[in-house]
Amino acid sequence: MEKQLLRITELKEQILASGYHPVQFNDMVKEIIGKVLLADISFEQSSELIENLEYYCEFSKKCKSKL
């Protein structure tokens with residue numbers, strides 16, 4: 001599970017570096033896993049969160065490449 005949380009942290013940094021605001025990141029997380037604290041999420045929730053955050057990272061890369 002520690003590996004999952006580390007990946008989430010990496011993705012958060014990438015998302016924020018791409019221009020998303022921290023509030024937007026928090027909204028993404030809430031949309032995916034609800035109001036559960038990251039420290040308390042299940043493996044399944046962390047896997048779903050990682051999958052979705054990777055999508056957001058790829059989306060932001062595609063958008064920036066078209067500029």
Original post:
Can you list the residues that meet the side chain to side chain donor-acceptor pair (under 3.5 Å) rule with Glu13, with sequence neighbours excluded?
Top reply: none
Original post:
Taking all non-hydrogen atoms of both residues, which atom of Gln14 and which atom of Cys57 are closest, and how far apart?
Top reply: OE1-SG, 3.5 Å
Original post:
Considering residues at least two apart in sequence or located in another chain, which fulfil the salt bridge (Lys or Arg N to Asp or Glu O under 4.0 Å) criterion with Glu54?
Top reply: Arg7
Original post:
Which pair of heavy atoms, one from Ser65 and one from Lys62, lies closest together, and at what distance?
Top reply: OG-O, 2.8 Å
Subject >> Distance, nearest 0.5 Å, that separates OH of Tyr56 from OG of Ser60 >> reply: 11.5 Å
Without placing hydrogens or testing angles, list every side-chain donor-acceptor pair under 3.5 Å for residues 19-36, not counting sequence neighbours.
| unit_1 | atom_1 | unit_2 | atom_2 | d |
| --- | --- | --- | --- | --- |
| His21 | ND1 | Val23 | N | 3.1 |
| Gln24 | OE1 | His21 | N | 2.7 |
| Asn26 | ND2 | Pro22 | O | 3.4 |

Original post:
So do Gln4 and Ser47 actually touch side chain to side chain, heavy atoms under 4.5 Å?
Top reply: yes
**OP:** Identify the heavy atoms of Ala17 and Lys64 that sit nearest to each other, and give their distance.
**Re:** O-NZ, 4.2 Å
Original post:
For the atom pair CG (Leu53) and CD (Glu10), what is the distance rounded to the nearest 0.5 Å?
Top reply: 11.5 Å
Original post:
Same cluster for Leu49 and Leu37 if Ile/Leu/Val/Met/Phe/Trp/Tyr side chains link at under 4.5 Å?
Top reply: no
**OP:** Working to the nearest 0.5 Å, report the span between CG of Asp40 and OG of Ser46.
**Re:** 12.5 Å
Original post:
Does Phe43 belong to the same Ile/Leu/Val/Met/Phe/Trp/Tyr cluster as Leu6, with side-chain heavy atoms less than 4.5 Å apart forming each link?
Top reply: no
Subject >> Side chain to side chain, Ile15 and Lys12, heavy atoms closer than 4.5 Å >> reply: no
